[in-house]
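Read through the structure below, which is laid out as structure tokens, and then see the notes.
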2 protein chains.
Amino acid sequence: MQEKVRIPGMGGEDLLFLTDDQLRRGIEAMFFAYRAFTADPDMILADLDYGRAHHRALHFINRDPGLTVTALLAVLGVTKQSLNRVLRTLIDDGLVESRVGRRDRRERQLHLTPKGVALERRLSEAQRARMRAAYRKAGPQAVAGFRQVLEAMMDPEMRSQYQAMKELPE
Amino acid sequence: MQEKVRIPGMGGEDLLFLTDDQLRRGIEAMFFAYRAFTADPDMILADLDYGRAHHRALHFINRDPGLTVTALLAVLGVTKQSLNRVLRTLIDDGLVESRVGRRDRRERQLHLTPKGVALERRLSEAQRARMRAAYRKAGPQAVAGFRQVLEAMMDPEMRSQYQAMKELPE
DNA sequence: TTGATAGGGCAGCCTTGTTGACTTTCCAAG
DNA sequence: CTTGGAAAGTCAACAAGGCTGCCCTATCAA
């Protein structure tokens with residue numbers, strides 16, 4: 001399909017003519033794709049009386065067990081009060097466990113319970129299924145480009161948060 | 001976490017292995033990038049006491065002037081009541097004009113006023129600036145892949161809506 | 001001991017989504 | 001020319017999940 005392989009960015013400034021119309025299509029692609037991206041977990045969540053905010057909390061606690069409330073706050077980019085409401089229901093429902101920090105007893109280290117792990121898996125598997133299908137359909141080269149553009153779109157500070165996550169030991 | 005999923009490549013000769021971890025990174029890239037994507041217009045909107053919903057309405061009315069309320073509803077994927085509240089403030093504030101349809105006088109054809117055009121331009125220019133920078137940084141090939149993956153992620157019905165938009169005459 | 005930090009709780013506000021019920025306007029078919 | 005149904009709009013009520021502001025406790029570190 002694409003015969004020419006050009007290495008973007010690095011050295012020779014590519015002549016990249018971007019019309020407003022091309023950019024608009026990218027913008028709309030983001031809009032529609034993001035809606036699709038959240039649709040599957042949203043359906044599962046609706047049945048359980050949870051929302052996207054719960055999903056996000058479960059996701060980040062799952063991928064970095066023991067992270068503190070403050071750390072989670074920073075990743076999610078919401079206020080303490082906003083997160084607290086969500087976190088409270090997750091703790092009350094037995095999906096998340098809040099342990100007093102060993103190093104610093106003021107901190108609360110967040111972990112998923114087996115029940116929490118189960119829901120997180122169910123949600124993320126739905127999301128992964130769509131992502132997997134899209135990746136397969138678009139092919140490996142497209143996937144690389146996809147990731148490159150998304151990373152370039154982030155703010156430097158968000159990007160470093162994201163990079164830190166990417167590197168996390170298994 | 002480390003179970004490998006074998007994905008047959010398009011050509012057949014390249015084997016693409018997608019771990020749950022790779023998919024998770026894609027998911028997080030979408031999350032962080034979408035936040036960045038909406039951040040710039042959100043700041044402008046906050047000053048004007050508008051929200052993202054107003055932006056979305058302005059965007060689609062701008063790119064398809066004269067579309068009906070029902071059509072806008074379908075594109076945005078929200079309820080009539082939800083849209084109506086937003087649309088009402090835009091009309092009251094003189095950003096959007098609602099004209100009785102010629103063909104069918106029950107329909108309301110939506111147009112931006114000069115004031116509406118001005119705000120839409122301001123909002124979309126902020127968004128385009130970020131998109132443009134990301135596109136330049138990532139390069140043309142990455143952009144193609146970006147679009148391919150996003151399109152593959154959409155539901156068929158959403159995709160056809162999106163495709164229809166792409167084709168619209170200038 | 002004292003100031004700063006982590007977290008929780010409470011009150012209240014806003015936007016933007018939802019359902020449901022209802023009315024008005026209008027086109028088109030009988 | 002009447003009438004059924006589609007399109008649009010309105011009202012009421014509700015919920016999720018953002019926000020701010022303020023206050024409290026526990027804890028750590030200087």
Side-chain angles (χ1 to χ4, degrees), chain A residues 31 34-35 38-39 41-61 66-93 96-111, chain B residues 31 34-35 38-39 41-61 66-93 96-111:
Chain A
F31 172 69
Y34 195 78
R35 210 161 66 183
T38 55
D42 279 357
M43 279 183 55
I44 297 170
L45 290 159
D47 280 345
L48 302 171
D49 281 319
Y50 291 132
R52 239 176 250 180
H54 300 85
H55 182 190
R56 292 196 288 260
L58 290 174
H59 175 98
F60 287 110
I61 295 171
L67 92 171
T68 65
V69 172
T70 306
L72 183 53
L73 240 37
V75 172
L76 295 177
V78 298
T79 60
K80 189 178 55 166
Q81 291 83 343
S82 204
L83 174 60
N84 210 268
R85 188 166 28 194
V86 166
L87 218 44
R88 167 138 310 283
T89 72
L90 291 175
I91 291 170
D92 289 350
D93 293 354
V96 169
E97 197 187 344
S98 168
R99 302 180 195 156
V100 171
R102 289 175 307 121
R103 197 190 50 196
D104 183 336
R105 293 171 43 88
R106 287 171 304 180
E107 293 181 345
R108 298 291 177 272
Q109 298 183 330
L110 303 170
H111 299 262
Chain B
F31 172 68
Y34 195 78
R35 210 161 65 183
T38 55
D42 279 357
M43 280 182 55
I44 297 170
L45 289 158
D47 281 345
L48 302 171
D49 281 320
Y50 291 132
R52 239 177 250 180
H54 300 88
H55 182 189
R56 292 196 287 260
L58 289 175
H59 175 96
F60 287 110
I61 295 170
L67 92 172
T68 64
V69 172
T70 306
L72 183 54
L73 238 40
V75 171
L76 294 176
V78 299
T79 60
K80 191 175 52 166
Q81 292 85 339
S82 201
L83 174 59
N84 210 266
R85 187 167 28 196
V86 165
L87 219 43
R88 169 138 308 283
T89 73
L90 292 174
I91 291 170
D92 289 350
D93 294 355
V96 168
E97 199 188 341
S98 168
R99 301 183 196 154
V100 172
R102 290 176 307 121
R103 199 190 46 197
D104 182 337
R105 295 167 45 94
R106 287 169 303 182
E107 294 181 346
R108 298 292 177 271
Q109 299 184 330
L110 303 170
H111 299 262

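First the proteins, then the strands, lettered A, B, ... as listed; each starts at 1. Being a predicted model, the structure only gives us computed values, none of them experimental.
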Which residues pass the side-chain contact (heavy atoms from CB on, under 4.5 Å) test with B:Leu72, sequence neighbours left out?
B:Phe60, B:Ile61, B:Leu67, B:Leu76, B:Leu83, B:Leu87, B:Leu110

Just to be sure I understand the rule, does A:Arg52 reach a base, reach only the sugar-phosphate, or reach nothing, if contact means heavy atoms closer than 4.0 Å?
sugar-phosphate

Plane angle bin for B:His55 and B:His59 - parallel if under 30°, tilted between 30 and 60°, otherwise perpendicular
perpendicular

Measure from CG on B:Leu73 to P on D:dA7 and round the result to the nearest Å.
11 Å

Quick one: is B:His54 getting a side-chain N or O under 4.0 Å of the C:dT16 phosphate, OP1 or OP2?
yes

On DNA chain D, check which nucleotide each of A:Val100 and A:Val78 is closest to and give me the residue with the more 5' one.
A:Val78

From CG of B:Asp104 across to C1' of C:dT25 the rounded distance in Å is 10 Å

Please pick, from C:dG17, D:dG17, C:dC26, the nucleotide with the shortest atom-to-atom distance to any side-chain atom of B:Ser82.
C:dG17

Could you tell me which non-hydrogen atom of B:Thr38 sits nearest to which non-hydrogen atom of B:Arg52, and how far apart they are?
OG1-NH2, 3.3 Å

Tabulated below should be each protein N or O lying under 3.5 Å from an N or O of nucleotides 10-12 of chain D; please produce it.
| residue | atom | partner | partner atom | Å |
| --- | --- | --- | --- | --- |
| D:dT10 | OP1 | B:Arg88 | NH2 | 3.2 |
| D:dT10 | OP2 | B:Asn84 | OD1 | 3.3 |
| D:dT10 | OP2 | B:Arg88 | NE | 3.3 |
| D:dT10 | OP2 | B:Arg88 | NH2 | 2.9 |

Can you measure B:Leu45 atom CG to D:dC19 atom C1' for me and round it to whole angstrom units?
16 Å

Non-neighbouring partners of B:Ala74 that pass side-chain contact (heavy atoms from CB on, under 4.5 Å), sequence neighbours left out:
B:Gln161

A:Glu107 and side-chain hydrogen bond (donor to acceptor under 3.5 Å, both in side chains): which partner among A:Gln109, A:Arg103, A:Arg105?
A:Arg103

OH-CG distance between B:Tyr50 and B:Leu58, expressed to the nearest 0.5 angstrom
8.0 Å

Could you work out which one of D:dG18, D:dG9, D:dT27 sits closest to the side chain of B:Arg108?
D:dG9

Take atom CG of B:Leu83 and atom C1' of D:dG9, then tell me their distance rounded to the nearest Å.
11 Å

Ranking C:dT19, D:dC19, D:dG18 by distance to the side chain of B:Thr79, first place goes to C:dT19

A:Arg85 has an atom CZ; how far is it from atom C1' of C:dC10, in whole Å?
12 Å

What is the distance, rounded to the nearest whole Å, between atom CG of A:Asp49 and atom P of D:dC14?
16 Å

What is the distance, to the nearest angstrom, from the CG atom on A:Asp42 to the P atom on D:dA16?
14 Å

A:Val86 to A:Ala57 - nearest heavy-atom pair and separation
CG1-CB, 4.4 Å

Taking only the side-chain nitrogens and oxygens of B:Arg105, find out if one of them lies under 4.0 Å from OP1 or OP2 of C:dC26.
yes

Where the side chain of B:Glu107 is defined as all heavy atoms beyond and including C-beta, which of D:dC19, C:dA6, D:dA7 is the nearest nucleotide?
D:dA7

Using whole Å, report how far OH of B:Tyr50 lies from P of C:dT16.
11 Å

